[in-house]
Engineer: 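Pasting in a structure now, in C-alpha cells, and then I'll have a few things to ask.
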Amino acid sequence: MSDTGPEQATTETAWRIPDWYRRVGLASWFLIGIAAAVTLIAVVIAATSEITAPLVLGAFLAIVFLPAADWLVERGLPRALAALTVLLGLAALFVLVTWATGAALVDQADEVSANLDNAVRDIKDWLADTPIDEALVQQIRDTTTDAGPLLNGGVASHFVSILDSAFGFIAGAILGTIVFYYLLKDGTALFARWLERADDERARSLYRDIGDRTVTNIQSYFRGRTAMALVNGLAIGLAAVVLGIPAAGAIAVVNIIGGYIPYLGAFIGGAFAVLMALGEGGIGLALIVLVITLVVNLLLENLLEPRLLGGSLDLHPLMILLATSLGGIIAGMIGLILAAPAVAIAFDIKAKLKATGFFDNQ
C-alpha cells in the first residue's frame, strides 16, 4: 500500500489538466457561441432586411423628431394630432427632397453621362501611356465603360428588378411609417409604463438614465450628421460651380446623401466629383477638386464633427468603418446609415451597465 500510493499520486498529478487549459477551452467555446449567435442574427436580418430595416429606421426617426412632437403638444395639440402633423410634415419634406434630387439628376443626366465617358477615356489613355499590362487596361475599360450610359438606359433594362425593389420599398415604408407614428404618439408613455413595472428603484433609475442617454445621443447624432452633410455637399457643389464643372447640382446632392454614411459616403461623393472634373477639364481640374474634397472633409472631421456629434459617436474610425460596411452588407442603404450610431449606442449602454456593476458576479 505504501509503495503504490506515491506512484498513484504522481500519476494523477502528471495527468491533471492545467487550469489554463480549462480557461482557454471555456473562452473558445464562449467565442464560438457568440460568433454563431451574431452570424445567425446577421443572416436573419439580411433575409428580412426589407421589413426589419424600415422598422428600425422608423424607430430612429421617431426618436429624432420626438422634440418636434413635444413642441406641438406644449402648444396645445393632442398627442395624436401632433404625431400626425410631424408625420405629414416629414412626408412632405421627403417628397420635396426626392423631387429636387430626381430633378437635379435627371436634368443633368446627359452632362453626367458625357463627363463620365470622358473620364473613362482619360483614364484609359493615361493607363495606356504607363507600363501596365494591356489586358488590365482593357479589363478596367470594360468594367467602367457602361457607367455613363447607365444613367440614360439602365432604368429601362432593369424594369422588372425596379418593380420588385419598389414593392419592397413601399411595403417597408408603410411599416416604418406605422412604427414612426405610434412611437411618436405613445413611445414616451410606453417607456414610462415599462419603467413602472420595475420593482427595484435602483434598476428603474438605471433604465431611465440609459433611455434618456440613448435618446439624446440619437438626436444629437442625426442633427450633427445632417448639418455636416449639408455643409459638405454645398461646399463641394459651390466649388464645382466656381470651377465651371457641369452638373454641380448633382455633385452637391450626391455628397449630401453621402454625408449620412460615415467615411464611405465621403469617398463615394468625392470620387463622383473628381470623375466629373476629370471628364470636364482633365487631370489638372480633377486634382484641384480632389484637394478641395479632402480639405472640406478634413475640416469637417476635425473642426465641426467634435462640436456637432460630441460623444454620440465615440468610436474608433476603424470600428466605424467596419460597422458601416457590415451594416451595408446586411441591410443595404439603411444599414450604411444606421450601423455606426447603433453600434455606438450599444457600446455606450454596455459601459453604463458595467459602471453600475450589472455584469458583476452575484
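Quick caveat: nothing in here was measured; it's all calculated off a predicted structure. Throughout, residue positions are numbered sequentially from 1 according to the sequence presented.
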Engineer: Do I345 and L66 land in one hydrophobic cluster if side-chain heavy atoms of ILVMFWY residues count as linked below 4.5 Å?
Structural biologist: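 The answer is yes; both residues are in one hydrophobic cluster.
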
Engineer: Kindly compute the distance separating CD1 (I218) from CG (L61), expressed to the nearest 0.5 Å.
Structural biologist: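 So the CD1 of I218 and the CG of L61 are separated by 10.0 Å.
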
Engineer: Drop me the distance from R208's CZ to W194's CH2, to the nearest 0.5 angstrom.
Structural biologist: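 Going from CZ on R208 over to CH2 on W194, the span is 10.5 Å.
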
Engineer: Where the side chain of S220 meets the backbone of N217, is there a donor-acceptor pair that is under 3.5 Å apart?
Structural biologist: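 Yes, the answer is positive, given that a donor and an acceptor are paired below the 3.5 Å cut-off.
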
Engineer: Taking salt bridge (Lys or Arg N to Asp or Glu O under 4.0 Å) as the test, write out the residues that go with D186, two or more places apart.
Structural biologist: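 Partners of D186 by the salt bridge (Lys or Arg N to Asp or Glu O under 4.0 Å) criterion come out as none, since no residue qualifies.
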
Engineer: Do I257 and L238 sit in the same hydrophobic cluster, where Ile, Leu, Val, Met, Phe, Trp and Tyr count as joined when their side-chain heavy atoms come under 4.5 Å apart?
Structural biologist: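 Shared cluster, no.
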
Engineer: Search all heavy atoms of P54 against all heavy atoms of A173 and return the closest pair with its distance.
Structural biologist: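 Of all heavy-atom pairs spanning P54 and A173, the closest is CB-N, 4.5 Å.
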
Engineer: Roughly how far, to the nearest 0.5 Å, is CD1 of I261 from CD1 of I268?
Structural biologist: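 Spacing of CD1 (I268) from CD1 (I261) equals 5.5 Å.
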
Engineer: Taking only residues two or more places apart in sequence, or in another chain, which ones meet R204 in a salt bridge (Lys or Arg N to Asp or Glu O under 4.0 Å)?
Structural biologist: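 Salt bridge (Lys or Arg N to Asp or Glu O under 4.0 Å) check on R204 returns E201.
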
Engineer: Please report the shortest heavy-atom distance between A240 and I251, naming the atom on each side.
Structural biologist: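 Minimum heavy-atom separation between A240 and I251: CB-CD1, 4.0 Å.
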
Engineer: Answer yes if I236 and I256 sit in the same cluster of Ile, Leu, Val, Met, Phe, Trp and Tyr residues linked by side chain heavy atoms under 4.5 Å apart, and no otherwise.
Structural biologist: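 In one cluster: no.
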
Engineer: Less than 4.5 Å apart, any side-chain heavy atom of N255 and any of V296?
Structural biologist: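 Heavy-atom side-chain distance check fails, nothing below 4.5 Å.
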
Engineer: Hey, what do you get for CG (L299) to CE (M228), rounding to the nearest 0.5 Å?
Structural biologist: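 Between atom CG of L299 and atom CE of M228 there are 11.0 Å.
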
Engineer: Heavy atoms only: give me the nearest A248-G237 pair and the separation to one decimal.
Structural biologist: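 Scanning both residues completely, I find the closest heavy atoms to be CB-O, 3.8 Å.
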
Engineer: Do the side chains of M276 and L294 join up, straight or via other hydrophobic residues, at under 4.5 Å, putting them in one cluster?
Structural biologist: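 In one cluster: yes.
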
Engineer: Check residues 67-89 and write down every donor-acceptor pair under 3.5 Å in which the side-chain atom is one partner and the other belongs to a residue at least two apart or another chain.
Structural biologist:
| from | atom 1 | to | atom 2 | distance (Å) |
| --- | --- | --- | --- | --- |
| D70 | OD1 | R79 | NH1 | 2.7 |
| D70 | OD1 | R79 | NH2 | 2.9 |
| R79 | NE | L184 | O | 3.1 |
| R79 | NH2 | L184 | O | 3.2 |
| T85 | OG1 | L81 | O | 2.7 |

Engineer: Distance from N232 atom CG to T293 atom OG1, nearest 0.5 Å?
Structural biologist: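 Output value for this atom pair is 8.0 Å.
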
Engineer: Which pairs count as salt bridge (Lys or Arg N to Asp or Glu O under 4.0 Å) when at least one residue sits in residues 284-298, sequence neighbours excluded?
Structural biologist: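 Salt bridge (Lys or Arg N to Asp or Glu O under 4.0 Å) check on residues 284-298 returns no pairs.
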
Engineer: Any idea which heavy atoms bring V179 and A59 closest together, and the distance?
Structural biologist: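 Taking every non-hydrogen atom into account, CG1-N, 3.9 Å.
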
Engineer: Taking side chain to side chain donor-acceptor pair (under 3.5 Å) as the definition, give me every residue that meets it alongside Y260, ordered by chain and number, with sequence neighbours left out.
Structural biologist: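 For Y260 the side chain to side chain donor-acceptor pair (under 3.5 Å) partners, ignoring immediate neighbours, are T226.
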
Engineer: When hydrophobic residues are tied together by side-chain contacts of less than 4.5 Å, even through go-betweens, does V56 share a cluster with I174?
Structural biologist: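 Both belong to a single hydrophobic cluster.
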
Engineer: Do any side-chain atoms of residues 321-344 form donor-acceptor pairs under 3.5 angstrom with protein atoms, and if so which ones, sequence neighbours left out?
Structural biologist:
| from | atom 1 | to | atom 2 | distance (Å) |
| --- | --- | --- | --- | --- |
| T324 | OG1 | I320 | O | 2.7 |
| S325 | OG | L321 | O | 2.8 |

Engineer: Tell me whether the count of non-hydrogen atoms from other residues, nucleotides or ligands lying under 6.0 Å of OH in Y182 goes above 12.
Structural biologist: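 Counting other residues, nucleotides and ligands, OH of Y182 stays at 12 neighbours or fewer.
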
Engineer: What's the separation between atom CG in L195 and atom CG in L206, rounded to the nearest 0.5 Å?
Structural biologist: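 It comes to 10.0 Å.
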
